[in-house]
Novice: 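The structure is given below, and queries will be raised subsequently.
The figures here come from the full heavy-atom set of this structure, side chains too, leaving out hydrogens, waters and symmetry mates.
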Amino acid sequence: EEEGISLYIHLPYCESLCTYCGCNKRITTNHAVEIPYISSVMKEWDSYTALLPEKPKLSGIHLGGGTPTFFSAESLKILIRHIKCKMEVLPHAEFSFEGHPNNTTREHLEALYEVGFTRVSFGIQDFDLEVQKAIHRIQPFEKVAEVTQTAREIGYDSINFDLIYGLPHQTLATIENTFERVNEL
């Protein structure tokens with residue numbers, strides 16, 4: 001009753017496959033899957049809340065994937081508003097999402113901030129181009145810096161960078177360089 005519940009909402013769609021990924025995902029460029037998927041998640045949530053004797057208390061939401069920012073900003077807002085309307089949001093609730101630096105837009109950041117998100121986690125893995133090519137996930141440092149700055153401007157107070165060591169073509173020098181670049185951000 002005091003702690004509330006935390007929700008993890010899996011958004012499994014990606015436009016391309018990152019070869020290191022072990023997550024449950026569906027690769028497609030067909031964004032027509034968004035509305036049916038969001039509708040199904042909302043319907044499932046309604047079935048859970050119908051079983052509860054009272055409005056549950058919400059201590060957090062985390063959107064993971066896949067690539068949550070595969071979904072449009074509007075679709076994500078619809079989903080979160082629907083979830084929140086059936087809950088009592090606790091004052092200390094933390095809302096976070098995983099974003100791909102290449103497709104997380106200002107619109108995504110603003111829409112999610114508007115519905116309570118203050119934390120974003122960007123999947124970087126490594127800044128070395130050879131490593132990025134090997135894992136099929138190219139995002140230049142400049143793009144990561146841009147989306148990081150945009151998140152700060154909007155008001156995000158927690159920005160995380162996911163890094164992986166042990167990827168193809170990584171060396172101690174490449175990972176040290178990645179850490180130095182992350183430190184710049």
Novice: Side chains of Arg152 and Ile159, heavy atoms from C-beta outward: is any pair under 4.5 Å?
Specialist: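 The answer is yes, as the side chains (C-beta and beyond) meet within the 4.5 Å cut-off.
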Novice: Is there a side-chain contact between Asn177 and Thr174, using heavy atoms and a 4.5 Å cut-off?
Specialist: no
Novice: Should His108 and Phe117 count as side-chain neighbours, where that means a heavy-atom distance under 4.5 Å?
Specialist: no
Novice: Starting from the C-alpha separation in whole Å, work towards a yes-or-no answer on side chain to side chain contact (heavy atoms under 4.5 Å, CB included) for Asn160 and Arg119.
Specialist: CA-CA 8 Å; Asn160 178 74; Arg119 182 178 186 278; 3.4 Å; yes
Novice: Identify which one of Cys21, Ser16, Pro101 satisfies the side chain to side chain contact (heavy atoms under 4.5 Å, CB included) criterion when paired with Arg137.
Specialist: Pro101
Novice: Look at the side chain of His100 and the backbone N and O of Thr67, then say whether any donor-acceptor pair between them is shorter than 3.5 Å.
Specialist: no
Novice: Is a side-chain donor or acceptor of Lys84 paired with a backbone partner of Val115 at a separation under 3.5 angstrom?
Specialist: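 Checked: pair present.
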Novice: Judged by modelled atom types alone, do Asp46 and His82 share a side-chain donor-acceptor pair under 3.5 Å?
Specialist: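 Checked: Asp46/His82 side chains pair up, N/O donor to acceptor below 3.5 Å.
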Novice: Who are the ring pair (Phe, Tyr, Trp, His ring centres under 6.0 Å) partners of Phe122, not counting sequence neighbours?
Specialist: none
Novice: In the single-linkage hydrophobic clustering (I, L, V, M, F, W, Y; side-chain heavy atoms under 4.5 Å), do Leu185 and Ile138 co-cluster?
Specialist: no
Novice: Within the structure provided, determine whether Thr28 and Phe70 are in side-chain contact (heavy-atom separation under 4.5 Å).
Specialist: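 Of all side-chain heavy-atom pairs linking Phe70 with Thr28, at least one is under 4.5 Å.
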Novice: Verify, without hydrogens or angle tests, whether Ser59 (side chain) and Ile5 (backbone) share a donor-acceptor contact under 3.5 angstrom.
Specialist: yes
Novice: Find the distance between CG (Leu76) and CD1 (Ile38) and round it off to the nearest 0.5 Å.
Specialist: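 These two atoms lie 6.0 Å from each other.
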Novice: Does any N or O in the side chain of Thr19 come within less than 3.5 Å of the main-chain N or O of Ala134, such that one atom is a donor and the other an acceptor?
Specialist: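 Yes, the answer is positive, given that a donor and an acceptor are paired below the 3.5 Å cut-off.
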Novice: Side chain to side chain contact (heavy atoms under 4.5 Å, CB included) between Leu167 and Gln125: does it pass, once the steps are laid out?
Specialist: CA-CA 9 Å; Leu167 296 171; Gln125 317 332 331; 4.0 Å; yes
Novice: Between the main-chain N or O of Ile124 and the side-chain N or O of Gln139, is there a donor-acceptor pair closer than 3.5 Å?
Specialist: yes
Novice: Determine, step by step, whether Lys133 and Glu130 satisfy the salt bridge (Lys or Arg N to Asp or Glu O under 4.0 Å) criterion, reporting the C-alpha distance in whole Å, the side-chain angles of both residues, the deciding distance to 0.1 Å, and the verdict.
Specialist: CA-CA 5 Å; Lys133 285 178 182 177; Glu130 186 177 358; over 6 Å; no
Novice: Check the pair Glu153 / Arg106 against side chain to side chain contact (heavy atoms under 4.5 Å, CB included), numbers first and verdict last.
Specialist: CA-CA 10 Å; Glu153 289 169 7; Arg106 175 176 284 278; 2.8 Å; yes
Novice: Look up atom CD in Glu176 and atom CG in Asp128, then write down how far apart they are to the nearest 0.5 Å.
Specialist: 12.5 Å
Novice: I need the Ile9 CD1 to Ile80 CD1 distance, nearest 0.5 Å.
Specialist: 4.5 Å
Novice: If you round to the nearest 0.5 Å, how far is CG of Leu58 from NE2 of His92?
Specialist: 9.0 Å
Novice: Quick check for you: to the nearest 0.5 Å, what is the distance between Ile27 atom CD1 and Cys18 atom SG?
Specialist: 7.5 Å
Novice: Does any N or O in the side chain of Thr178 come within less than 3.5 Å of the main-chain N or O of Phe127, such that one atom is a donor and the other an acceptor?
Specialist: yes
Novice: Between Tyr20 and His136, does a ring-ring contact (aromatic ring centres under 6.0 Å, His included) hold up when you go through it step by step?
Specialist: CA-CA 9 Å; Tyr20 62 85; His136 198 240; over 10 Å; no
Novice: Is the closest side-chain donor-acceptor distance between Asp126 and Gln170 under 3.5 Å?
Specialist: yes
Novice: Can Ile78 be reached from Ile61 by stepping across I, L, V, M, F, W or Y side chains whose heavy atoms are under 4.5 Å apart?
Specialist: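 Ile61 and Ile78: one cluster.
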Novice: Would you name the heavy atoms of Leu90 and Glu3 that are closest together and state the gap between them?
Specialist: CD1-O, 3.4 Å
Novice: Rounded to the nearest 0.5 Å, what separates atom CD in Glu44 from atom OG1 in Thr49?
Specialist: 11.0 Å
Novice: Would you indicate whether the side-chain heavy atoms of Phe97 and Leu11 approach each other to under 4.5 Å?
Specialist: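 Not in contact.
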Novice: So, Glu94 and His62: side-chain donor and acceptor under 3.5 Å apart, yes or no?
Specialist: no
Novice: Given 3.5 Å as the limit, does a donor-acceptor pair link the side chain of Glu34 with the main chain of Ser75, or not?
Specialist: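 No, because the side chain of Glu34 does not come within donor-acceptor range (under 3.5 Å) of the backbone of Ser75.
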Novice: Would the number of heavy atoms belonging to other residues, nucleotides or ligands and lying under 6.0 Å from CZ of Arg26 be above 12?
Specialist: no
Novice: What's the shortest heavy-atom distance between Asp162 and Ser121, and which atoms?
Specialist: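 In this case the closest contact between Asp162 and Ser121 is OD1-OG, 3.1 Å.
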Novice: Tell me whether Ile164 shares a hydrophobic cluster with Val182, the cluster being built from Ile, Leu, Val, Met, Phe, Trp, Tyr side chains joined at under 4.5 Å.
Specialist: no
Novice: Do you know which two heavy atoms are closest between Tyr156 and Leu109, and how far apart they sit?
Specialist: OH-O, 2.7 Å
Novice: Not counting sequence neighbours, which residues clear side chain to side chain contact (heavy atoms under 4.5 Å, CB included) with Glu184? List them please.
Specialist: Phe141, Arg181
Novice: Flag yes if Val33 and Phe71 sit in one hydrophobic cluster, no otherwise; membership is Ile, Leu, Val, Met, Phe, Trp, Tyr, and two members link when side-chain heavy atoms are under 4.5 Å apart.
Specialist: yes
Novice: Looking only at non-hydrogen atoms, find the nearest pair between Cys23 and Gly66 and report the distance.
Specialist: CB-N, 4.3 Å
Novice: Heavy-atom count check: over 12 atoms from other residues, nucleotides or ligands less than 6.0 Å from His10 NE2?
Specialist: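 Yes, the 6.0 Å shell around NE2 holds more than 12 heavy atoms from other groups.
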Novice: Same cluster for Ile35 and Val41 if Ile/Leu/Val/Met/Phe/Trp/Tyr side chains link at under 4.5 Å?
Specialist: no
Novice: Given side chain to side chain contact (heavy atoms under 4.5 Å, CB included), test Phe95 with Leu63 step by step and report yes or no.
Specialist: CA-CA 8 Å; Phe95 291 14; Leu63 302 180; over 6 Å; no
Novice: Do the side chains of Glu114 and Arg81 get close enough for a salt bridge, i.e. N-O under 4.0 angstrom?
Specialist: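 Salt bridge present between Glu114 and Arg81.
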Novice: Return the minimal non-hydrogen interatomic distance between Lys86 and Lys55, and the atom names on each side.
Specialist: O-CG, 3.5 Å
Novice: Please report the closest heavy-atom contact between Tyr165 and Leu172, naming both atoms and the distance.
Specialist: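 That would be OH-N, 4.4 Å.
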